Amino acid sequence: YAGNNDLVSIDLSANTSLDSLSLEANLLSTIDVSNNTNLLWLDLKANDITSVTGLSEATQLRWLALSFNLLEEFSIHNESLVNLLISDNLLTSFDVNGAVNLESILIKTNQLPIMDLSTNTKLEVLISSNNKLETLDLSNNINLKYLWSSTNLYSILDVSHLEKLI
């Protein structure tokens, strides 16, 4: 844990045994976790992050927090990821098609005009409020239990097939 400091950079290349890393509330703009293949939990919220390198190599990663950063685009291909927190960024592009085991996505307060969740069939929680979404196709997300998607630009939102919504 090295949160709440003024870190502007960190070299984690030799820390190959790390399974949990918390660097929230620093001044990091980029980070490379390519050598940290044992990560289960990564918390980078409240930095100045514009890019994260090596997330695909973290093949055990289950929980990723990137909220309150400066990300404009995000793409991840990591089948182990279950929980993604990426709210309060500047996202206009978002690709999680390679994260097929995602169960929870917190992506509120971004600039997203579109979001493709068609491969995320295990998704149970989606919080996507305060974006610029005009449509949201949830036809493949039959396991969705919780949906909070207010303050978007929808004219129609079909949830009629989502029988597990509570």
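Keep in mind the model is a prediction, meaning the values are calculated, not measured.
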Take Ser149 and Ser128, measure what side-chain hydrogen bond (donor to acceptor under 3.5 Å, both in side chains) needs, and give me the verdict at the end. CA-CA 5 Å; Ser149 197; Ser128 57; 2.7 Å; yes
Show the numbers, then the answer: is there a side chain to side chain contact (heavy atoms under 4.5 Å, CB included) between Ile31 and Leu23? CA-CA 10 Å; Ile31 190 165; Leu23 295 171; 3.6 Å; yes
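Side-chain N/O atoms of Lys122 and Asn143 include no donor and acceptor closer than 3.5 Å. Side-chain contact of Tyr146 with Ser104: a donor-acceptor pair under 3.5 Å is absent, judged by distance alone.
Proximity of Val159 to Leu147: side-chain heavy atoms (C-beta onward) are separated by under 4.5 Å at one or more points. Two residues are said to be in side-chain contact when any heavy atoms from C-beta on lie closer than 4.5 Å; Leu42 and Trp63 fail this criterion. By the 4.5 Å heavy-atom criterion applied to side chains, Leu117 and Ile105 are counted as neighbours. The shortest side-chain heavy-atom distance between Leu39 and Val33 falls under the 4.5 Å cut-off. When side chains are defined from C-beta on, Asn38 does not count as touching Leu18, because their heavy atoms never get closer than 4.5 Å. Between Ile127 and Ile107, every side-chain heavy-atom pair lies at or beyond the 4.5 Å cut-off.
The backbone N or O of Ser87 lies less than 3.5 Å from a partner atom in the side chain of Asn89, making a donor-acceptor pair. A donor-acceptor pair under 3.5 Å links the side-chain atoms of Asn120 to the main chain of Ala99, judged by distance alone. Remark: the backbone N or O of Asn26 is not paired with any side-chain donor or acceptor of Asn4 at under 3.5 angstrom. A donor-acceptor pair under 3.5 Å is absent between the side-chain atoms of Asp19 and the main chain of Trp41, judged by distance alone. Between the side chain of Asn101 and the backbone N or O of Glu79, at least one donor-acceptor pair lies under 3.5 Å. Formation of a donor-acceptor pair under 3.5 Å by the His161 side chain with backbone atoms of Leu138 is found in this model. With Asn97 contributing its side chain and Ser118 its backbone, the two residues share no donor-acceptor pair below 3.5 Å. Asn152 places a side-chain N or O within 3.5 Å of a backbone atom of Leu133 that can act as its donor or acceptor partner. Counting only distance, with no hydrogens or angles, the side chain of Asn141 and the backbone of Glu124 share no donor-acceptor pair below 3.5 Å. Listed for the Asp32 side chain is no donor-acceptor partner under 3.5 Å among the backbone atoms of Asp11.
Interatomic distance, CG of Leu28 versus CG of Asn69, reported as 8.5 Å (0.5 Å rounding). Atom CG of Asn131 and atom NZ of Lys108 lie 10.0 Å apart (nearest 0.5 Å). One finds the CG atom of Asn140 at 8.5 Å from the OG1 atom of Thr119 (value rounded to the nearest 0.5 Å).
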Table please: side-chain donor-acceptor pairs of residues 49-61 below 3.5 Å, with sequence neighbours left out.
unit_1, atom_1, unit_2, atom_2, d
Thr50, OG1, Ser29, O, 3.3
Ser56, OG, His77, O, 3.0

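Counting non-hydrogen atoms of neighbouring residues, nucleotides and ligands closer than 6.0 angstrom, the CD1 atom of Ile114 reaches no more than 12 such neighbours. The number of heavy-atom neighbours closer than 6.0 Å to CG of Leu40, taken from other residues, nucleotides and ligands shown, is above 12.
A side chain to side chain contact (heavy atoms under 4.5 Å, CB included) with Phe94 holds for exactly one of Asp116, Leu71, Leu112; it is Leu112.
Taking Ile, Leu, Val, Met, Phe, Trp and Tyr as hydrophobic and joining them when side-chain heavy atoms fall under 4.5 Å apart, one finds Leu90 in a cluster with Leu70.
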